[in-house]
There are 2 protein chains.
Amino acid sequence: MLNEIEKYKVLGEQTRFRIVMVLLKASKELCVCELEDILNVPQYNVSKHLSLLKHAGLLEERKEGKLRMYKIKDDNQFNKILFKSMDSIKAVSDETLKQDLVNLQKRLALRKNDRVVVTRN
Amino acid sequence: MLNEIEKYKVLGEQTRFRIVMVLLKASKELCVCELEDILNVPQYNVSKHLSLLKHAGLLEERKEGKLRMYKIKDDNQFNKILFKSMDSIKAVSDETLKQDLVNLQKRLALRKNDRVVVTRN
DNA sequence: TCAATATATGCTTATATTGGCATATATGTT
DNA sequence: AACATATATGCCAATATAAGCATATATTGA
């Protein structure tokens with residue numbers, strides 16, 4: 001399938017959409033356990049969805065010790081516009097999404113010098 | 001589900017993506033039978049996919065006699081950006097998509113004064 | 001080297017999606 | 001009114017997807 005179609009497809013699922021939205025709002029890489037904590041989704045699901053997002057070419061992964069850091073991959077025009085479309089969603093009226101963003105801030109506050117020190121919460 | 005997620009989802013399927021791409025390149029409304037002819041997809045499938053696209057808020061429908069005309073719905077910021085992302089897909093290297101666009105031109109050439117006169121081909 | 005931790009992955013089941021086919025509906029035509 | 005045509009839709013079977021659970025892998029630290 002055309003890679004761009006794949007990108008729309010993977011974004012068209014609630015959990016994956018939430019992951020990407022959180023990473024966009026974070027503007028920095030997050031590890032799996034942080035996402036798990038922010039989204040309140042089991043680790044194995046977060047990992048699976050991250051894998052799909054990565055293979056579709058929307059995210060990048062980097063190893064850092066025991067952790068795997070994931071971040072937005074916007075090194076091409078298509079991705080940039082796609083993320084811009086997500087950014088244009090004003091109505092984060094959705095309760096789940098709203099809570100995700102609150103949890104994101106809480107999680108980031110647990111970092112020390114912007115480094116992950118608390119894993120599961 | 002958040003309406004925007006639904007929009008990504010419906011675009012994340014080959015046939016629906018093709019429909020939208022053809023409508024974008026056409027820059028005008030097309031009827032079901034034209035799309036059927038252009039895409040080489042059975043009428044019932046074209047209709048079903050059009051229905052999903054309409055309900056997701058990506059297309060508009062208008063009755064014209066026996067025909068139902070479908071067109072791009074870009075009356076909001078999110079849709080505009082989404083369609084822009086499709087427009088940015090340079091690599092219409094995909095053979096199917098390339099053929100669709102050829103067929104689109106052939107079908108449009110069958111119109112008389114920009115009105116549909118030939119139905120199934 | 002052993003244990004603990006972070007993450008990934010295989011298997012199974014539940015659910016959703018898609019296509020095919022038949023048929024219903026609506027509109028125009030004779 | 002009967003018929004033809006354009007389109008939509010209900011049902012079924014095939015396939016794809018997602019969650020849950022158990023477990024494998026990799027890395028760190030004792």
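To find a chain, count down the sequence lines: A is the first, B the second, and so on, and within it residues start at 1.
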Indicate the atoms forming the closest heavy-atom contact of [X] with [Y], along with that distance.
X	Y	result
Ile5(A)	Glu13(B)	CG2-N, 3.8 Å
Lys28(A)	Leu23(A)	O-CD2, 3.9 Å
Asn103(A)	Ile38(A)	ND2-O, 3.0 Å

Tracing side-chain links under 4.5 Å among I, L, V, M, F, W and Y, which residues wind up in one group with Ile81(B)? Ile81(A)
Using whole Å, report how far [atom1] of [X] lies from [atom2] of [N].
X	N	atom1	atom2	result
Met69(A)	dT27(D)	CE	P	16 Å
Met1(B)	dT17(D)	CE	P	14 Å
Leu67(A)	dA8(C)	CG	P	10 Å
Gln14(A)	dT17(D)	CD	P	18 Å
Ile5(B)	dA16(C)	CD1	C1'	16 Å

Find the distance between [atom1] ([X]) and [atom2] ([Y]) and round it off to the nearest 0.5 Å.
X	Y	atom1	atom2	value
His49(B)	Leu59(B)	NE2	CG	12.5 Å
Glu36(B)	Gln43(B)	CD	CD	6.0 Å
Thr15(A)	Leu50(A)	OG1	CG	10.5 Å
Lys7(B)	Lys73(B)	NZ	NZ	6.5 Å
Glu4(A)	Ser85(B)	CD	OG	9.0 Å

Decide salt bridge (Lys or Arg N to Asp or Glu O under 4.0 Å) for Asp114(A) and Arg111(A); before the verdict, give the C-alpha distance in whole Å, the side-chain angles of both, and the deciding distance to 0.1 Å. CA-CA 5 Å; Asp114(A) 207 27; Arg111(A) 288 189 176 189; 3.1 Å; yes
Residues of residues 17-25 of chain B with a heavy atom under 4.0 Å from any atom of DNA chain C, listed by number, are none
Name all pairs fulfilling the ring-ring contact (aromatic ring centres under 6.0 Å, His included) condition that reach into residues 8-38 of chain A, sequence neighbours left out, sorted by first residue then second. Tyr8(A)-Phe78(A)
Protein and nucleotides 24-30 of chain C: nitrogen or oxygen contacts under 3.5 angstrom:
from    : atom 1 : to       : atom 2 : distance (Å)
dT27(C) : OP1    : Lys63(B) : NZ     : 3.1

Under 4.0 Å protein heavy-atom contacts per nucleotide of nucleotides 18-23 of chain C, with B for base, S for backbone only and - for none: SBBBB-
Salt-bridge contact Lys9(B)-Glu6(B) (side-chain N to carboxylate O under 4.0 Å): no
Would you call Glu64(A) and Arg62(A) a salt bridge, using N to O less than 4.0 angstrom? yes
Extract the stems that DNA chain D is part of, considering only consecutive pairing runs of at least three Watson-Crick or G-U wobble pairs, both distances under 3.5 Å. C:1-30 with D:1-30
